[in-house]
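One structure is given below, encoded as structure tokens.
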Amino acid sequence: MLFYLFVSILSICLYKFAESRGKPLVFFIAILPPVLIEGLRDQTIGIDMQTYVVPFFLTLSRANDVFEVPELIDHSDYGYLYLTYFFAKYVGDLNVFLTFFAVMKLVPVYYTAYIQRERINSALFLFAYFMYYYVQGFSMMRQSLAISLCIFSLNFFFLKQFKKFYLCVFIAYFFHNSAVLMLYLPLIYYFGKSKYKYLFSLLVPIFIFFQIENIMESLIDSPLFTEGKVVGYMDSGVETEKTSILIAVYILFFGFFLFFRTLWKRIFSKDDSEEVVEGTVSDELQAESSTGELMGKDCEDDVSDLSLDPYDVYNWDLRYLMLTSIAYAIIFLLLASYIEVAFRMSFYMMNVAVFTMLILLKKEKGIVFDFGLLLLFLLHFVIACNHGNNGTIPYQSIILQI
């Protein structure tokens, strides 16, 4: 556990140094330790290594061509299958494959931290990722890559560059089908324009909670998922992670704190400058969005009418996005004791909720809430490691002599 924690903190410190100095070489050095730790691990580190990573690699090494891949392995995550086939057939070294896979997972996360460095606490963002996903990703490799791509897609979503957002989600879907759930974000965006948006946020999670079994059964006939995968996820006896629920409740509390504080200011403020004008976009965002600073490059799309304002802490749409996402996450976490896939679904909603919370915290300069979030993610990591963290404790690597 301490080894993983040391690697994570070292990488974050190197990243912050590179961020402040703008040194490309240091960025490379920052990402190198977690990449090597993940890529050069033994085949026994991570439960799914023996479940599908090693078996798929060995099986696909015998494939004569790409057309034989779906015949050898009946699986719908084609992105992962064909990437595995390429490395198994033409490279033949599992650790090279794992290292390349680690790069694919970490680069989108670090790049997101960099281009959003003015909007969020990038160090806390990376720390949350390391504590929640990094080590666990040694096991759930397919979904961990899908999660990273979906995190990256948020950069486009907040700029209303929906084509690029859909493209990221589409690619993530072919590495883990659960990524299709990120499509809930555009729905929330459009429902957010309605005066009934909070009613929508309340009723949909309740409907999902009571109809989850019927929903899962209907997915069996859906072309989005294979029947074996859906059936395998049902009634699996997975226990709900209490620390994940604790983090979700903490985010929910923060959302209500902002909501009622803003309401208080609306009622009692005498200064017109403190009034909240729903749907108004700050001049600062219009200027920076037009020059592409939010994405770190020129923007091709017109974002002058952007309603999700990552600068304005009193923007009701941003709070609505956070509260709705965390409400979905809580429902799926509660359902995880009955259906395993519900726990996996919660990852995507949790990512959006944490990301939006970090945007609001940056504007608020909420050091207390920052510290609380940091402690909760650390607690989650410690407890997960005490329970083996998906077969990753203790870390072992013959190559690194650890």
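When reading the values below, keep in mind they use all heavy atoms of this one structure, side chains included, and skip hydrogens, waters and symmetry mates.
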Starting at [atom1] of [X], measure out to [atom2] of [Y] and round the result to the nearest 0.5 Å.
{"X": "Met322", "Y": "Ile251", "atom1": "CE", "atom2": "CD1", "answer": "7.5 Å"}
{"X": "Ile402", "Y": "Arg41", "atom1": "CD1", "atom2": "CZ", "answer": "13.5 Å"}
{"X": "Ile151", "Y": "Asn351", "atom1": "CD1", "atom2": "CG", "answer": "4.5 Å"}

Any donor-acceptor N/O pair, [X] side chain to [Y] backbone, under 3.5 Å:
{"X": "Asp65", "Y": "Phe67", "value": "yes"}
{"X": "Tyr395", "Y": "Ile37", "value": "yes"}
{"X": "Ser61", "Y": "Leu58", "value": "yes"}
{"X": "Ser397", "Y": "Leu40", "value": "yes"}
{"X": "Asn390", "Y": "Gly46", "value": "no"}
{"X": "His387", "Y": "Ile383", "value": "yes"}
{"X": "Tyr250", "Y": "Phe369", "value": "yes"}
{"X": "Thr356", "Y": "Ala353", "value": "yes"}
{"X": "Asn177", "Y": "Asp77", "value": "no"}
{"X": "Tyr4", "Y": "Phe130", "value": "no"}

With side chain to side chain contact (heavy atoms under 4.5 Å, CB included) as the criterion, how do Leu98 and Met49 come out once you've worked through the C-alpha distance, each side chain's angles and the decisive distance to 0.1 Å? CA-CA 10 Å; Leu98 296 178; Met49 285 292 290; 3.8 Å; yes
Tell me the closest heavy-atom pair linking [X] and [Y], and the distance in Å.
{"X": "Leu358", "Y": "Leu373", "answer": "CD2-CD2, 4.1 Å"}
{"X": "Ser244", "Y": "Met350", "answer": "O-CE, 3.6 Å"}
{"X": "Gly255", "Y": "Leu323", "answer": "CA-CD2, 3.7 Å"}
{"X": "Pro108", "Y": "Leu149", "answer": "CG-CD2, 4.4 Å"}
{"X": "His380", "Y": "Thr243", "answer": "ND1-OG1, 2.7 Å"}

Return the set of residues passing side chain to side chain contact (heavy atoms under 4.5 Å, CB included) with Met104 (not counting sequence neighbours), or none when no residue passes. Leu83, Phe100, Leu145, Phe175
So does Phe6 have more than 12 non-hydrogen atoms from other groups sitting under 6.0 Å from CZ? no
Classify the side-chain pair [X]/[Y] by whether it contains a donor and acceptor separated by less than 3.5 Å.
{"X": "Ser8", "Y": "Tyr129", "value": "no"}
{"X": "Ser148", "Y": "Lys105", "value": "no"}
{"X": "Ser11", "Y": "Tyr110", "value": "yes"}

Can you check whether [X] reaches [Y] side chain to side chain, under 4.5 Å on heavy atoms?
{"X": "Phe256", "Y": "Leu252", "value": "yes"}
{"X": "Leu321", "Y": "Leu185", "value": "yes"}
{"X": "Leu361", "Y": "Phe254", "value": "yes"}
{"X": "Met349", "Y": "Ile326", "value": "no"}
{"X": "Val354", "Y": "Phe377", "value": "yes"}
{"X": "Phe125", "Y": "Thr112", "value": "yes"}
{"X": "Lys16", "Y": "Ser122", "value": "yes"}
{"X": "Val180", "Y": "Val169", "value": "no"}

For the residue pair Phe165 and Phe157, categorise the inter-ring angle as parallel (less than 30°), tilted (30 to 60°) or perpendicular (more than 60°). tilted
side-chain hydrogen bond (donor to acceptor under 3.5 Å, both in side chains) test vs Ser325 passes for just one of Tyr320, Tyr184, Tyr348, namely Tyr184
Just checking [X] against [Y], ring centres under 6.0 Å apart?
{"X": "Phe101", "Y": "Tyr80", "answer": "yes"}
{"X": "Phe174", "Y": "Tyr82", "answer": "no"}
{"X": "Phe27", "Y": "Tyr114", "answer": "yes"}

Taking the six-membered ring of Tyr52 as reference, does the NZ or CZ atom of Arg142 fall below 6.0 Å from its centre and within a 45° cone about the axis? yes
Do Gln116 and Phe355 pass the side chain to side chain contact (heavy atoms under 4.5 Å, CB included) test, and can you show the C-alpha distance, the side-chain angles, and the key distance before you say yes or no? CA-CA 10 Å; Gln116 297 291 344; Phe355 194 86; 3.9 Å; yes
Between Thr44 and Gln396, is a side chain to side chain contact (heavy atoms under 4.5 Å, CB included) present by the stated rule, with each step listed? CA-CA 8 Å; Thr44 57; Gln396 295 177 333; 4.0 Å; yes
Between Phe86 and Tyr90, does a ring pair (Phe, Tyr, Trp, His ring centres under 6.0 Å) hold up when you go through it step by step? CA-CA 6 Å; Phe86 175 81; Tyr90 299 105; 5.7 Å; yes
